[in-house]
Amino acid sequence: MSKIRIATTSLAGCFGCHMSFLDMDERLVALLEHVEFNRSPFTDIKHCGPCDIGLIEGGVCNVENVHVLREFRDNCKILIAVGACAINGGVPAMRNHFNLRECLEEAYVNGVGVVNPQIPNDVELPLLLDKVHPIHDVVRVDYYLPGCPPSADAFLNILGDLLAGKEPSLPNNLLHYD
Ligand code: SF4
C-alpha cells in the first residue's frame with residue numbers, strides 16, 4: 001500500500017507545534033511505516049507537491065506566508081490548522097492592537113539597545129501584512145487541531161483517524177487551547 005503523503009510548514013509560528021509533533025518520540029518510527037513527508041522543515045523539499053495532508057503551524061503575517069499557504073492549499077487534499085497561531089493568530093496577533101509602523105519603530109528604531117536605527121527595507125524581505133491573520137482568512141481549512149502547542153498524542157489521534165479513513169474527533173482529555 002502506498003504511503004500517505006504529509007507536508008508541513010511553519011508560517012508565523014514558533015516551531016513549537018513541530019517540536020510537539022516530534023514529541024511522538026519512538027512512535028514516529030511506527031508512523032513512518034504509513035506516511036512519508038513532502039515539503040516540511042523535516043525534509044529538504046523546497047515546494048509542496050501533491051499531498052494527502054498538509055499541517056499548517058502559525059498564522060499569516062507576511063506576503064511569503066500567503067504564498068506558501070496557497071501552495072499548500074492547492075496541493076493538499078486535507079489542510080489542518082495546527083495550534084493556536086494557525087487557528088486564531090495566537091500570541092503574534094497581539095500586534096494587531098498596534099499599527100504596523102508602531103511595531104516596526106519599536107523594534108528597529110526606538111528599541112532598547114538599538115544601534116544604527118533603521119527599518120529593514122531590502123527587497124528580499126517579505127513585506128509584513130498590516131495584521132496577523134488566522135489561516136482560514138486566506139484559504140479553506142478542513143480541520144483544526146487546537147493547543148499551544150497540541151500534544152503529540154493529539155497529533156497521533158488526528159492522523160490515526162485520517163489514516164483509518166475516519167472523521168477525526170479529539171477526546172476531551174486531548175482538547176485544550178493553551
Ligand atoms: S500555537 Fe503555540 S507552539 Fe504552535 S506555533 Fe503558535 S506559539 Fe508556537
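Counting convention: from 1, in listed order, for ligands and their atoms alike. Since the model is a prediction, treat every value here as computed from it, not as a measurement. Keep in mind that the numbers below use all heavy atoms, side chains included, and drop hydrogens, waters and symmetry copies.
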Heavy-atom nearest neighbour in the protein, as seen from atom 6 (Fe) of ligand 1, with distance rounded to 0.1 Å: Cys85 SG, 2.3 Å
CZ of Arg101: more than 12 outside heavy atoms within 6.0 angstrom? no
Criterion side chain to side chain contact (heavy atoms under 4.5 Å, CB included) on Asn75 and Cys51, from CA distance to verdict: CA-CA 6 Å; Asn75 284 285; Cys51 283; 5.6 Å; no
Considering the options Val82, Ile53, Ile78, Leu55, which one meets the side chain to side chain contact (heavy atoms under 4.5 Å, CB included) requirement together with Tyr143? Ile78
Closest protein heavy atom to atom 2 (Fe) of ligand 1, given as residue, atom name and distance to 0.1 Å: Cys148 SG, 2.3 Å
Numbered in order shown, the ligand 1 atoms found under 4.0 Å of a heavy atom of Cys17 are 1 (S), 3 (S), 4 (Fe), 5 (S)
Return the residue, atom name and 0.1 Å-rounded distance of the protein heavy atom closest to atom 1 (S) of ligand 1. Ala84 N, 3.2 Å
How about Cys14: does one of its N, O or S atoms come closer than 2.8 Å to atom 8 (Fe) of ligand 1? yes
Will you find, in the side chains of His18 and Thr8, an N or O donor that is under 3.5 Å from an N or O acceptor? yes
In ligand 1, the atoms that come under 4.0 Å of a heavy atom of Glu57 are 5 (S)
If you count heavy atoms of other groups shown closer than 6.0 angstrom to CG of Asn173, is the number above 12? yes
Between Arg140 and Asp142, is there a side-chain N and carboxylate O pair less than 4.0 Å apart? yes
Pull out every atom of ligand 1 sitting under 4.0 Å from any heavy atom of Gly147, numbered as shown with elements. 1 (S)
